[in-house]
Amino acid sequence: MMNSKSLYQEVILDHNRKPRNYGTLDNPSHHATGHNPLCGDRLDIALHMQDDQINHIAFHGESCAICKASASMMTAAVKGKTRADTEILIQEFRDMATGKLDPAQPNHLGRLTVFSGIRDLPTRVKCAILPWHTLHAALNALTSVSTETDDDPMQAASVND
Amino acid sequence: MVNVYASIIPEANAVFDVEKIRTDFPILDISVGDKPLVYLDNAASSQMPRQVMDQLIHYQTTQHANINRAVHYLSEVATMEYEKARRKVQQFVNAREDREIIFTSGTTDSINLVMHGYGRKFIKAGDEIILTTLEHHSNIVPWQMLAEEKGAIIRVVPINDAGELDIETYEKLFNERTKFVGLIHVSNALGTINPIKSLISFARQHDVPVLIDGAQAAPHMAIDVQDLDCDFYVFSAHKLCGPTGIGMLYGKSSLLETMQPFKGGGDMIASVTFEKTTYAAIPHKFEAGTPPIAGAIGFGAAIDYLNSIGIEHIAAYEHELLNYATHCMMEIKGAKIIGTAAHKTAVLSFTLDGIHPHDIGTILNEDGIAVRTGHHCAQPVMEHFKVPATSRASFAFYNTKSEVEALIAGIRNVQKVFL
């Protein structure tokens, strides 16, 4: 049995209360909207890329604490990173959330491993993944993604696999 | 409706021994982590008492065979038991005849049966179907599919901020193009008990058939389809202590006879040649293929179980639980009850300021408390209240006041986490 209180740790609660990079960007080079129709969550992510590097990133939307904290910590983690490094992080976060990556193994996730407990809460995995999912879509010029569609680039990461 | 029982609550208390009832439900003894289970998701699915499980085991160990077919002993016993279950359902809703009860896989299946069997045969382009904002998606989507196919129009009865239907608008929606009405008896998201008897009677004056979605009503109050005078009434067994995968459709025999079959196959025919097939009489016309025989027998056993307690005692006790939970919830700062209709079943939908329902659900789960969070398959209701989702505690007659207190303590704990 998981302990969800380990999920609602102070770092997550803090990012939920005071989300970093919360807001919008003027003239973003990439942006996407992510939906989780099962819970009504919605997240907009916009970023500026220059010389293959994420210079600025912002998000806003309506979501649960897990999703908002995940988005806040994600934006802090990928700011200044190259596209390739960001994609690695997206992959690792997804694998951690679905239990494929053991956070004890070498990885680039750093403090993001605070979300590792989500693997024990299958109905909440999508909450944590939605920002990453949306960032992936923005980087790949998909303007809108949903956690419940066939072309969902993260569908392979869903709890059903 | 529920307040009718207010006067008999003291008497109900005398005979209603919840601790004894709880011993019938083995699952209520489990722990979630190191916390005892507090199961408050009964509107999604109720738990099964040992008496129903025993009946299922008895059937499976001594009576099982396919029905309506062979002349051998087991087939005859199984057929008899299956038809006995049908008569239990018939008596439970006080239908005139047992052939007016069709076994289906559940409420959704029943509504789809009526949509295909009645709607696709009789609804035409330009016809209007009246539904309400309170409907579960299962009483919206089939009619939307029909409307799209036929070019029919769906008209929606709005609700007020207590979560009650706007009766005046309902009546104004009727015109010569109105050909069908679908009404939810009790809202799954809010617990509102709709005044369906008068709504049906109004539709009757316009000669429009009415389907009642009774999924959330049948487990909590006495149903009398003759007194209601509805044309169709539907519900599932698993919300009234029976198994999943079985439900019922009541239809007036005169209507069922004019309808086309929903599914084709074995058991629903009188004769088959490649030139022409003639269909069996009701109810068999609508029960193609081998039905969930054990499910039907479990359904019957669940009805026996509820009757042994008395549905009026169940209603009175649950009403008491609702009053207590509502009272406690109103004392929590930052908590808002969604759905405050004058007549409600024991459903408490709520929001907490600044806290998303999914976070509430996950943290309550840590305390062993099972509630439902989300839109409850009733997005139009959520839209009315301008919330994406709510948390919903839904009580059954085996819940206790101390479980209400556990919920309230759990909610205070959630607020503490997000302080």
Side-chain angles (χ1 to χ4, degrees), chain A residues 1-19 22 33-44 59-73 97 114-131 146-148 159, chain B residues 30-38 41 44 137 141 189 334 338 349 351-392 409-419:
Chain A
M1 185 62 204
M2 76 298 154
N3 179 357
S4 73
K5 279 181 187 129
S6 72
L7 184 62
Y8 290 89
Q9 285 173 33
E10 196 42 50
V11 55
I12 287 179
L13 294 171
D14 176 63
H15 276 268
N16 175 56
R17 267 192 295 266
K18 293 175 289 183
Y22 193 84
T33 302
H35 280 281
N36 184 346
L38 294 184
C39 60
D41 284 359
R42 184 200 142 96
L43 207 66
D44 287 309
F59 81 99
H60 69 276
E62 288 292 324
S63 72
C64 65
I66 297 301
C67 181
K68 194 191 266 186
S70 177
S72 171
M73 292 179 71
V114 72
F115 286 99
S116 64
I118 202 85
R119 71 174 69 187
D120 297 321
L121 298 166
T123 53
R124 304 300 305 279
V125 169
K126 285 179 178 179
C127 309
I129 283 184
L130 182 63
S146 161
T147 55
E148 303 303 318
V159 294
Chain B
I30 71 157
S31 293
V32 180
D34 57 352
K35 299 286 171 58
L37 170 71
V38 177
D41 194 17
H137 294 169
V141 181
I338 307 287
S349 233
T351 57
L352 296 180
D353 285 350
I355 309 176
H356 192 285
H358 281 180
D359 296 318
I360 298 170
T362 298
I363 298 172
L364 287 178
N365 178 57
E366 175 61 23
D367 284 336
I369 301 164
V371 298
R372 170 85 191 271
T373 60
H375 53 57
H376 316 295
C377 296
Q379 285 180 325
V381 176
M382 300 296 112
E383 204 174 299
H384 175 88
F385 288 99
K386 305 272 178 268
V387 291
T390 71
S391 304
R392 180 191 68 186
I411 290 170
R412 291 193 191 279
N413 177 49
V414 171
Q415 289 182 316
K416 218 180 295 164
V417 169
F418 281 93
L419 209 65

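Since this is a predicted model, take the numbers as computed values, not measurements. To find a chain, count down the sequence lines: A is the first, B the second, and so on, and within it residues start at 1.
- Contact check for B/His358 versus A/Ile66: no side-chain heavy atoms found under the 4.5 Å cut-off.
- Looking at every heavy atom in both residues, A/Ala65 comes nearest to B/Asp359 through N-OD2, 2.5 Å.
- At a 4.5 Å heavy-atom cutoff, the contact between A/Arg17 and chain B is made by side-chain atoms alone.
- For B/Leu364, no part sits under 4.5 Å from any heavy atom of chain A, backbone or side chain.
- Annotation for B/His356 and A/Asp41: closest pair NE2-OD1, 2.9 Å, computed over non-hydrogen atoms.
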